[in-house]
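Remarks on the structure that follows.
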Amino acid sequence: METIRAKLAEFGQEHLLYGFDTLPADRQTSYLAALSELDLAYIKKLSENAHVSPTLGGAITPSPSTRASDLTTEETAELTAIGKQLIASNTVAVVTMAGGQGTRLGYDGPKGCFDVGIGIPLFGLIASRIAALQAETGGVLPWYIMTSNENHEKTVAFFRDNKFFGLNPADVFFFPQGQLPLVSTDGKILLAEIGRVAEGPDGNGGVFAALLASGALADMEKRGIRQVFVCGIDNALVRPADPLFLGFFERDGAPCASKSVAKASPEERVGAFCVKDGHPCVIEYTELTPEMRQARNDAGLLTYGDANIVTHLMRFDALKTLCTRGLPMHTAFKAIPHYLPGQGQITPKEPNAYKFESFIFDAFSALDRMAILQVTREAEFAPVKNATGNDSPATALALLRQNGY
Ligand code: UTP
């Protein structure tokens, strides 16, 4: 106890022990264990650098990409056949990152349990597509689902209640991602309540460390997985292990590939695939100059127009390497409910605290190149981000209907 108190005092975090004496003995023990695991020096460094963008700067050039609509019918058929063959030979895995908090959607539960209005939750949509590919090819597509501490139990229970949507439970894995403390603007770690630090998932870039730590990566290796498809949970039209994408990836030979969609307009606020200092990357809208946003190529298409839709393929060996590398940390400024010693439970309306997270796409800068396949937006991208308006359940439902659901 005294060692922990001294360590907290050294970093100005003694408030974390507020009300400690009022906790039952077993909670005291587990809380001390949790406190002793906090890397206070690292959190201090993150707080001090909260205003510094870790990836800003560098010479940005456009990323090469292939438009799926430019492939001939024969090429499309050939690549699709290659992809199906890979699935049939049991070398493909699917990873879904579902550890996000979904704050904008405001749904009380894991986002994957949310149904935009067709009677099938987002998890069920992916499951049905995996099941269809397995039935068609005779192969097994193991599915690794990243959860967070906050939604892990609910996610697992949801799959159990829904009988794994017909999939074999032995081929579905849940692995929780890492957490990081939430910190006030003056560097104080927030309390969620007396005896519990306020924490949040460490961003979708946490997928690498979590795959490694959970044993999911080892499981893939044991199964002889060679191509790993990675997607978010919130695109209702995502095509897990899309055979065409797999065939395109296999033919290209790059360590990683991503799907993109054409930016809807120069001002659409999405990250775009680019090349920075010779390495593939995703550049945020704010990092492109107005001229770059407007620039068009000879065909009249936006030069920086390949929007990232969080749909990637990684060769297993590349994934394995990425799992052992660190990623830069970004800071989000958010309204975080917390317990304030002396004042009680606070629910701020305005942003009050920093959340630190890493992004999966920052990993691409470790590669020499990647292959981008631009697909049709209306057929493959129905994001569920906001409660209403753009990228909401209503827009996703309309797109699903348009695609035959
Ligand atoms: P977003 O960045 O859209 O975040 O995640 P979110 O948590 O879903 O929603 P908001 O911002 O709180 O409203 C893109 C994808 O990355 C996953 C999400 O689940 C989603 O599939 N993600 C995000 C994680 O798995 N872990 C994280 O820590 C963050």
Side-chain angles (χ1 to χ4, degrees), residues 46 94-114 116 121-123 125-127 143-152 154-156 158 173-182 198-211 213-214 216 228-240 258-259 261 268-271 282 284-286 307-312 327-337 351 353-364 380-393 395-396:
L46 289 176
V94 173
V95 174
T96 298
M97 302 178 297
Q101 291 176 302
T103 38
R104 285 169 289 170
L105 182 63
Y107 169 65
D108 182 22
K111 210 192 245 188
C113 308
F114 183 75
V116 301
L122 292 169
F123 279 132
L125 287 174
I126 298 182
W143 189 14
Y144 301 83
I145 299 168
M146 182 164 83
T147 60
S148 66
N149 284 2
E150 202 174 308
N151 72 20
H152 184 84
K154 285 184 191 158
T155 302
V156 176
F158 190 72
F173 300 75
F174 304 94
F175 64 104
Q177 69 176 105
Q179 302 271 119
L180 278 173
L182 302 158
E199 291 187 308
D202 59 0
N204 62 22
V207 68
F208 298 110
L211 279 170
S214 65
V228 183
F229 176 91
V230 184
C231 64
I233 185 56
D234 50 10
N235 173 10
L237 284 172
V238 70
R239 299 184 184 179
S258 283
K259 276 191 182 178
V261 297
E268 190 186 10
R269 303 183 76 89
V270 289
V282 172
E284 295 292 358
Y285 164 89
T286 45
N308 174 27
I309 56 168
V310 197
T311 304
H312 314 297
L327 286 178
M329 280 290 173
H330 298 256
T331 310
F333 194 37
K334 294 205 164 186
I336 311 281
Y354 299 131
K355 178 175 188 289
F356 304 109
E357 49 189 9
S358 62
F359 299 144
I360 184 170
F361 61 70
D362 277 332
F364 300 145
E380 299 207 29
F381 190 46
V384 184
K385 297 281 183 193
N386 306 308
T388 54
N390 287 343
D391 300 344
S392 65
T395 56

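One-based numbering along the sequence shown. Each ligand, and each atom within it, is numbered from 1 in the order the structure gives.
Ligand 1 lies within reach of D234, whose nearest heavy atom is under 4.0 Å from it. Within the 4.0 Å heavy-atom cutoff, G203 counts among the residues contacting ligand 1.
Annotation: ring-ring contact (aromatic ring centres under 6.0 Å, His included) contacts of H330 (sequence neighbours excluded): F359. Listed by chain and residue number, F114 satisfy the ring-ring contact (aromatic ring centres under 6.0 Å, His included) test with Y107 (two or more places apart in sequence, or in another chain).
For the residues Q177, R104, K111, M97, the heavy atom positioned nearest atom 26 (N) of ligand 1 is part of Q177.
Contact detail for F123 and C113: the closest heavy-atom pair is CD1-N, 3.7 Å. Looking at every heavy atom in both residues, N149 comes nearest to P176 through OD1-CB, 4.1 Å. For the pair C231 and I126, the tightest heavy-atom approach, listed with the atom from each and the gap, is SG-CD1, 4.4 Å.
The distance from ligand 1 to the heavy atoms of G232 drops below 4.0 Å at these ligand atoms: 21 (O). Taking every heavy atom of G99 and a limit of under 4.0 angstrom, the matching atoms of ligand 1 come to 19 (O), 24 (C), 25 (O), 26 (N).
If you check which protein heavy atom lies closest to atom 5 (O) of ligand 1, you get K385 NZ, 4.0 Å. Closest to atom 7 (O) of ligand 1, if we only count protein heavy atoms, is Q101 N, 2.8 Å. Scanning the protein heavy atoms around atom 16 (O) of ligand 1, the nearest turns out to be N204 ND2, 3.3 Å.
Proximity of the aromatic rings of H312 and F361 is defined here by a centroid distance below 6.0 angstrom, and this criterion is not met.
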